[in-house]
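Every number for a ligand or one of its atoms is a count from 1 in the order of the listing. For the numbers below, each heavy atom of this structure counts, side chains included, while hydrogens, waters and symmetry mates do not.
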Amino acid sequence: MAETQTKMSNIDKYRFRRALEEIEQAQGRGTELVSVYVPPDRPIFDVTNYLRGEYSQSSNIKSASTRKHVMAAIESIINRLRQWKMPPPNGLVAFVGHKDVGADQTSMIAYVLEPPEPVPSFLYRCDSRFYTEPLHEMLAEKDIYGLIVIDRNEATLGLLQGKRIDVIKNLESRVPGKHRMGGMSSRRFERLIELAAHEFYTKLADVATEAFLNQRELKGLLIGGPGYTKDYFENQGYLHHELQKKVLGTFDTGYTNENGLRELVEKAKDLLQGLDLMREKALVQRLMEEIREESAGLAMYGEEQVRHALALGAVDTLLISEGLRKLRLAVRCGNCGHEEEKTVTDETTLPACPKCGGPFTVVEKRDIIEEVSGLAEQTSTKVELISKDSEEGQLLLKAFSGIAAILRYRVT
Ligand SMILES: [Zn+2]
């Protein structure tokens with residue numbers, strides 16, 4: 001199955017995620033939202049026959065409006081599937097139905113999509129919600145790293161998954177401090193410390209086994225901490241041998257708590273270069289460096305400025321925040337016919353025509369990320385979608401209005 005799988009580009013994944021947001025918001029007034037999953041090896045005529053069966057079944061539905069909606073949904077799916085004989089390499093998913101829009105009104109929502117990974121088996125479901133759970137698994141970041149930060153007093157385990165760091169457990173040791181109790185020989189005290197430390201490392205290794213060994217996609221293990229303890233723990237064979245094989249390296253960190261996990265990921269940066277988070281961080285940092293240059297160097301930010309640079313073909317890499325929720329509208333004045341393009345966050349509050357004060361109507365509507373990416377593709381500009389998960393991603397979204405560019409040459 002893995003060989004036939006087509007890898008989705010970032011922008012395709014983004015489109016898919018956006019579609020999913022809308023699909024998941026939809027709620028039917030009855031059990032009338034139809035979800036269909038078609039695996040890649042299932043001939044479409046086969047699916048169509050199955051759906052015809054469901055169609056005749058649904059004529060028995062008691063509620064007239066639910067019956068009407070279910071039948072319309074199935075019919076719509078059959079029509080939409082007509083363009084294929086066999087599904088595309090990952091199969092297809094269809095979500096069609098009438099969603100409740102309040103005030104006793106419904107509106108039709110219809111999506112037929114190719115998912116990011118192959119659909120494993122055929123599924124038909126009619127419910128008041130669309131069935132999307134399997135798609136989340138497909139969209140999840142698959143590179144997972146185990147994280148351990150440790151010194152003699154404390155250890156924290158975490159998982160780095162895509163861009164996210166999750167704390168699994170924080171452990172405190174019972175290793176005594178520097179001050180020995182009165183009457184105890186220093187040798188005996190040393191020995192007590194060694195024993196307690198050994199116990200702590202053993203316990204930590206057990207927790208690590210439990211946390212990491214069953215992570216199918218675990219790519220590697222990173223170990224950090226302020227002193228030699230991390231190295232001792234790593235090279236004295238405490239870890240389960242399967243985990244030991246996955247150790248990518250040890251790194252100095254100042255902390256052994258949640259902050260230590262963040263430090264560890266930061267320190268292991270070169271190692272994890274392939275990870276999206278690192279890519280994103282590096283891109284935004286590069287942008288920042290350019291901005292700090294005299295007269296902003298090879299950087300540009302803000303929607304209008306970047307549009308200008310794109311039009312000149314001067315953009316090498318376009319950085320867009322996935323958190324951007326804006327629309328690019330083509331509007332026309334109903335009174336004098338004046339046309340212009342506008343970027344808005346809400347299409348219901350359009351300004352009046354600047355020429356005559358008449359009302360604008362929307363002629364065309366596009367998601368701004370798709371629209372600007374389209375402009376970039378025309379000039380062979382690399383497009384990088386930056387998540388809002390990292391500090392740098394937040395910076396791009398908030399300080400640079402979500403759109404910035406690294407330029408091929410300076411633009412004035
Ligand atoms: Zn006008």
Side-chain angles (χ1 to χ4, degrees), residues 11-12 14-23 25-26 76 80 98-111 287 291 295-296 299-386 388 396-412:
I11 189 82
D12 285 340
Y14 168 76
R15 284 192 190 118
F16 194 86
R17 273 202 293 271
R18 283 306 302 271
L20 211 53
E21 281 176 20
E22 195 192 339
I23 290 163
Q25 271 166 18
S76 163
R80 281 162 205 273
H98 285 75
K99 67 173 177 182
D100 191 352
V101 290
D104 221 25
Q105 298 285 306
T106 61
S107 94
M108 179 88 149
I109 170 171
Y111 279 99
L287 180 78
I291 288 171
S295 55
M300 190 131 279
Y301 54 90
E303 186 189 335
E304 287 317 311
Q305 289 83 344
V306 171
R307 279 186 192 279
H308 173 63
L310 276 171
L312 296 172
V315 180
D316 178 71
T317 307
L318 178 69
L319 278 59
I320 313 183
S321 170
E322 281 191 9
L324 212 53
R325 290 287 181 269
K326 286 184 178 173
L327 295 167
R328 185 70 171 175
L329 304 178
V331 292
R332 185 186 293 132
C333 171
N335 189 29
C336 73
H338 168 70
E339 291 186 9
E340 58 181 75
E341 292 202 346
K342 285 202 161 313
T343 300
V344 298
T345 42
D346 178 7
E347 62 180 306
T348 57
T349 52
L350 288 176
C353 169
K355 306 268 178 204
C356 74
F360 273 134
T361 52
V362 177
V363 184
E364 202 196 337
K365 175 170 82 174
R366 298 185 69 189
D367 180 287
I368 194 171
I369 297 182
E370 294 208 25
E371 187 255 346
V372 175
S373 303
L375 294 177
E377 276 159 22
Q378 288 166 20
T379 51
S380 329
T381 296
K382 290 192 284 283
V383 179
E384 296 283 354
L385 285 174
I386 310 289
K388 48 181 182 168
L396 176 67
L397 181 60
K398 290 184 177 146
F400 301 112
S401 65
I403 301 186
I406 295 169
L407 302 174
R408 294 182 172 126
Y409 52 86
R410 280 189 191 216
V411 173
T412 45

Subject >> the Zn ion (ligand 1) neighbourhood, protein N/O/S only, threshold under 2.8 Å >> reply: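 Those protein N, O or S atoms (cut-off: under 2.8 Å from the Zn ion (ligand 1)) are C333 SG, C336 SG, C353 SG, C356 SG.
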**OP:** Could you tell me whether R307 and E371 make a salt bridge, using a distance below 4.0 angstrom between a side-chain N and a carboxylate O?
**Re:**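 Salt bridge present between R307 and E371.
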Original post:
Are E22 and K99 within salt-bridge range, i.e. N to O under 4.0 Å?
Top reply: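 Looking at K99 together with E22, the answer is yes, because their closest N to O distance falls below 4.0 Å.
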Subject >> Residue list, side chain to side chain contact (heavy atoms under 4.5 Å, CB included) with L329, at least two apart or on another chain >> reply: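 Side chain to side chain contact (heavy atoms under 4.5 Å, CB included) list for L329, sorted by chain: L327, V331, V344, E347, L350, V362, K365.
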Subject >> D316: partners by side chain to side chain contact (heavy atoms under 4.5 Å, CB included), with sequence neighbours left out >> reply: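 Partners of D316 by the side chain to side chain contact (heavy atoms under 4.5 Å, CB included) criterion, ordered by chain and then number, come out as K382, R408.
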Original post:
Which residues pass the salt bridge (charged side-chain N to carboxylate O under 4.0 Å, His left out) test with E21, sequence neighbours left out?
Top reply: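 If we apply the salt bridge (charged side-chain N to carboxylate O under 4.0 Å, His left out) test to E21, skipping adjacent residues, the hits are R18, R325.
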Original post:
How far does NE2 of H338 sit from CZ of R332, to the nearest 0.5 angstrom?
Top reply: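 Between H338 NE2 and R332 CZ, I get 11.5 Å after rounding to 0.5 Å.
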